Protein chains: 2
Amino acid sequence: MTADLSASDDTPLRADARRNRDQIIGAAKKMFAERGPDVPMEEIARRAEVGVGTLYRRFPDRDALIRAVVRDNMADALAYARAAAVEEPTGWSALVRLLSHSTELGLSVRLSMLSPTVRKTLHGDPVLRELRSALLTAFETIVGTAQAEGSLRTDVSASDVAIVYALLLRQPQTMADSTAQLATGRALALVLEGLRARPDAPPDALPGRRLTAADLLLD
Amino acid sequence: MTADLSASDDTPLRADARRNRDQIIGAAKKMFAERGPDVPMEEIARRAEVGVGTLYRRFPDRDALIRAVVRDNMADALAYARAAAVEEPTGWSALVRLLSHSTELGLSVRLSMLSPTVRKTLHGDPVLRELRSALLTAFETIVGTAQAEGSLRTDVSASDVAIVYALLLRQPQTMADSTAQLATGRALALVLEGLRARPDAPPDALPGRRLTAADLLLD
DNA sequence: GTGAAGCGGAATGATCTCCTCCACATGCCT
DNA sequence: AGGCATGTGGAGGAGATCATTCCGCTTCAC
């Protein structure tokens, strides 16, 4: 899924190794999303159908794995956001598409927001910094477009949207999957309703000030 | 804070013991909220300014503590919801007050929703069952009133509101407290905006079906 | 003043994870 | 085909972390 935005390694990696690497990242992504950043390495390996040794050869420690997962995830989210911006006819529909689909974006945001430890790990990674800034730019484009066309209320910033989004994405895990999905869908629809521009409403109804990129993640 | 809704113990508990017990519950509540249901018992004890021994004498194991905390929390939330229902002039303002304040309600909902383990612990506790049902009733009263007065959209149920609420309450912990509060406040305002009845809007704009009490927590 | 109830926190033992290491397997290049 | 560099699995050592107990001392209540 990920383009090679990471610093190109010198050795091209053997075919099976590459496959295993991808499986590991995929498994780790799911496990992190479901059970937080502390899942045992061994379980990740098992889910990836790989030995622990393999996992450790590819990623020297947990931090490296987390970084890789978040990078991969961010890259996916970025691709998705850009696609939405380009392919959708209106800013509003791009916004809807962005918010509706991407569990992708959710994971990395959630991961990096929830645990102080993880934040420390991610902190200062240059690739991530670049990805994040690109993602925020994409977000801003969409939000800007939607606001310019008069469909999105103007007293929110891209960061506002991102945060609400992140808050909503945490899926309740105790319900049946179908129920959880239903609930998330409805919650999302409600938020979108709240985000819609109202010609009659006062222009600055929200409390406080617009959130900024700096509020989003403090490095 | 809590009325004695729990089964009355036979021995009245010495004054200092009672105080310690309350401190423990208070500390545990905060720690669970901040760091999840797995925080070490010792840290809870330290925060409560109490020895581990004391903690264990009062609560034979972690499960007992969790149960006690959630009960206490639910009771608070219930009291709060009832107060809002009675004291506020309109259903809408009661709803706003309910959603705006009560981090209380948030904790127990969050705790019981997030971890399957915790859910198992809580499952079948009769006191809790009663509390929860009373709370949902209070919720329904408020939601019903607000809908009857025409301020709340009619295609949501009390359970819908409760879930959105629970989703939003999870505070991002990596931001400065002030920022987190700001973000939560704005998110809440957006959701409220989405919840408001619109005379012009179609009456059933939300996807799926209304959530029910059964969706909320499956026992 | 005195006995019962309560307290603290060091010590114990069990559990859990990370991570290394190496005999073996597999892809790749010629 | 064949050789070897690259890659693989997973048992086990080392260490960390926690829950829980226990008992000499303190505090309340009468």
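Naming: A, B, ... by sequence-line order, numbering from 1 per chain. For clarity, every value in this text was computed on a predicted model and none was experimentally measured.
In this structure, Asp61(A) atom CG and dC19(C) atom P are separated by 6 Å, rounded to whole Å. Distance Phe59(A) CZ to dT20(C) P: 15 Å, rounded to the nearest Å. One interatomic measurement links the two molecules: OH of Tyr56(B) to P of dC18(D), which rounds to 12 Å at whole-angstrom precision. When the P atom of dA19(D) is taken as reference, atom CD1 of Ile66(B) falls 11 Å away, rounded to whole Å. When rounded to the nearest whole Å, the span between CD1 of Ile44(A) and P of dC19(C) equals 12 Å. Whole-Å rounding puts the Leu65(B) CG to dC18(D) C1' distance at 15 Å. dA5(C) atom P lies 18 Å from atom CZ of Arg21(B), rounded to whole Å. For the pair Gln23(A) CD and dT8(D) C1', the interatomic distance rounds to 13 Å; values are reported in whole Å.
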Protein-nucleotides 12-17 of chain C N/O pairs closer than 3.5 Å?
none

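A donor-acceptor pair under 3.5 Å links the side-chain atoms of Ser159(B) to the main chain of Thr212(B), judged by distance alone. A donor-acceptor pair is defined here as one N or O able to donate and one able to accept, closer than 3.5 Å; no such pair exists between the side chain of Ser93(A) and the backbone of Glu88(A).
Listed pair Thr54(B) / dG8(C) meets the phosphate criterion, a side-chain N or O lying under 4.0 Å from OP1 or OP2. Between Asn20(A) and dT8(D) there is a side-chain N or O to OP1 or OP2 distance below 4.0 Å.
Tyr80(B) carries Arg97(B) over the face of its six-membered ring, with the cationic atom under 6.0 Å from the centre and within 45° of the normal.
Of all the heavy atoms in Leu78(B) and Ala138(B), the pair that sits closest is CD1-CB, 4.4 Å. Scanning all heavy atoms of the two residues, the minimum distance from Asp160(B) to Val156(B) falls at OD2-CA, 3.7 Å. Contact detail for Ala48(B) and Ile24(B): the closest heavy-atom pair is CB-CA, 3.8 Å.
Using a cut-off of 4.0 Å between Lys/Arg side-chain N and Asp/Glu carboxylate O, Asp215(A) and Arg209(A) are scored as salt-bridged. Ionic pairing of Arg47(B) and Glu34(B) is present here: one or more N-O contacts between side-chain nitrogen and carboxylate oxygen are shorter than 4.0 angstrom. For the pair Arg186(B) and Asp155(A), the salt-bridge criterion is not met [side-chain N within less than 4.0 Å of a carboxylate O].
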Classify every nucleotide of nucleotides 22-30 of chain D by which part a protein heavy atom approaches to under 4.0 Å, writing B for the base, S for the sugar-phosphate alone and - for neither, in 5'-to-3' order. -----BBS-
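If you check every strand for non-hydrogen atoms under 4.0 Å, Arg58(B) touches sugar and phosphate atoms only.
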